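Bear in mind that the values here come from a model prediction, so they are computed numbers and not experimental data. Hydrogens, waters and symmetry mates play no part in the numbers below; they use all other heavy atoms, side chains included.
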Amino acid sequence: MPVTVLLVDDEPLVRAGLRAVLEAQPDIEVVGEAADGAAVIPLVSRLRPDVVAMDVRMPLMDGIEATRLVLRTVPDPPKILVVTTFENDEYVYEALRAGADGFLLKRARPSEIAHAVRLVAEGESLLFPAAVRQLAAEYGSSKARERMHRAALTDREAAVLRHMARGQSNAEIAAELVVGVETVKTHVSAILAKLGARDRTQAVIAAYESGFVAPS
């Protein structure tokens, strides 16, 4: 089955460009478009896309609030891929904190756009660019540090989280640590449970905000 995608951007040319790139892929299908975040909930409910490619800056409802609404109101919600022009945009970071699963620049190459959709659909978050990692570190707080301390990660879980923060997939982490992919998946599940994180992206945000991983 193809990965189904809903495009949400207030610029028709951007939507047209993304549609052209994605529909050129044999395993990706664009099932709908929206010009504002306010239209996302009914479209997601009707079309049930695997991934929503969501602009963060839109006139009526921005991508941050739309992300929150999708995750709060839609059963079994789709993955949300934040699409934006500027990598150091604080809106991007707020969208990731709100629960978005990955990050993509509008100027990315076609192959990178298709790869991002596939990666997010599979549940493995994208590597945050350096600017976003720096923003995460700047949001650090004693509360975030206490949360990480209470998680009491094992040494192996801590190692897996550091690799996750570098944007590595389960297969890449398994190769680095010389363990099976299923073992890595078990560690990832334990990390999410201990941190109370919804997904890998939220766990990585916790890692940067707590200072457990430093931006590089």
Gap between atom [atom2] of [Y] and atom [atom1] of [X] - 0.5 Å precision:
| X | Y | atom1 | atom2 | value |
| --- | --- | --- | --- | --- |
| Leu104 | His115 | CG | NE2 | 10.5 Å |
| Arg166 | Leu161 | CZ | CG | 12.0 Å |
| Ile173 | Thr183 | CD1 | OG1 | 12.0 Å |
| Glu94 | Glu65 | CD | CD | 12.0 Å |
| Leu18 | Leu13 | CG | CG | 11.0 Å |
| Ser210 | Ile205 | OG | CD1 | 11.5 Å |

Ion pair [X]/[Y], N-O distance below 4.0 Å:
| X | Y | answer |
| --- | --- | --- |
| Lys143 | Glu146 | no |
| Asp101 | Arg198 | yes |
| Lys79 | Asp50 | no |
| Lys106 | Asp9 | yes |

Looking at [X] and [Y], what are the two nearest heavy atoms and their distance?
| X | Y | answer |
| --- | --- | --- |
| Met54 | Val40 | SD-CG2, 4.1 Å |
| Pro59 | Asp10 | CD-OD2, 3.6 Å |
| Gly102 | Leu96 | O-CD2, 3.8 Å |
| Pro75 | Arg48 | O-NH2, 2.9 Å |
| Leu7 | Arg19 | CD1-N, 3.7 Å |
| Leu192 | Ala203 | CD2-CB, 3.7 Å |

Looking at [Y], is its backbone amide N or carbonyl O close enough to the side chain of [X] to form a donor-acceptor pair, meaning the two atoms are under 3.5 Å apart?
| X | Y | result |
| --- | --- | --- |
| Gln25 | Leu22 | no |
| Asp36 | Leu60 | yes |
| Glu172 | Ser169 | yes |
| Asp155 | Ala158 | no |

>> As a quick check of understanding, evaluate side chain to side chain contact (heavy atoms under 4.5 Å, CB included) for Thr154 and Lys194, giving each step before the final call.
In response: CA-CA 11 Å; Thr154 66; Lys194 288 183 176 183; 4.0 Å; yes
Side-chain heavy atoms of [X] within contact of [Y], under 4.5 Å:
| X | Y | value |
| --- | --- | --- |
| Asp55 | Met58 | yes |
| Val52 | Val8 | yes |
| Arg200 | Val188 | yes |
| Thr4 | Val51 | no |
| Leu195 | Arg147 | yes |
| Pro78 | Leu6 | no |
| Val160 | Ile191 | yes |
| Arg145 | Phe212 | no |

> Would you say the side-chain atoms of Arg97 and Gln202 include a donor-acceptor pair closer than 3.5 Å?
Replying inline: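 No, Gln202 and Arg97 have no side-chain donor paired with an acceptor closer than 3.5 Å.
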Is there a continuous path of hydrophobic side-chain contacts, each under 4.5 Å between heavy atoms, that joins [X] to [Y]?
| X | Y | answer |
| --- | --- | --- |
| Val56 | Met61 | no |
| Val70 | Val120 | no |
| Val181 | Val179 | no |
| Met148 | Val204 | yes |
| Leu43 | Val82 | no |

> Where do Glu23 and Ile28 land on the side chain to side chain contact (heavy atoms under 4.5 Å, CB included) test, with the steps shown first?
Replying inline: CA-CA 6 Å; Glu23 290 196 332; Ile28 299 175; over 6 Å; no
> Phe103 and side-chain contact (heavy atoms from CB on, under 4.5 Å): which partner among Leu81, Thr84, Thr201?
Replying inline: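 By the side-chain contact (heavy atoms from CB on, under 4.5 Å) criterion, Phe103 pairs with just one of Leu81, Thr84, Thr201: Thr84.
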>> Run the side chain to side chain contact (heavy atoms under 4.5 Å, CB included) test on Val31 and Val5 for me, step by step, so that the C-alpha distance in whole Å, both residues' side-chain angles and the decisive distance to 0.1 Å come before the verdict.
In response: CA-CA 6 Å; Val31 293; Val5 181; 6.0 Å; no
>> Determine whether Arg118 and Asp27 satisfy the following criterion, side chain to side chain contact (heavy atoms under 4.5 Å, CB included), listing intermediate values before the conclusion.
In response: CA-CA 9 Å; Arg118 294 186 186 103; Asp27 59 337; 2.7 Å; yes
>> Working note: Glu157 + His187, criterion side-chain hydrogen bond (donor to acceptor under 3.5 Å, both in side chains); need CA distance, chi angles, decisive distance, verdict.
In response: CA-CA 6 Å; Glu157 289 164 355; His187 288 314; 4.7 Å; no
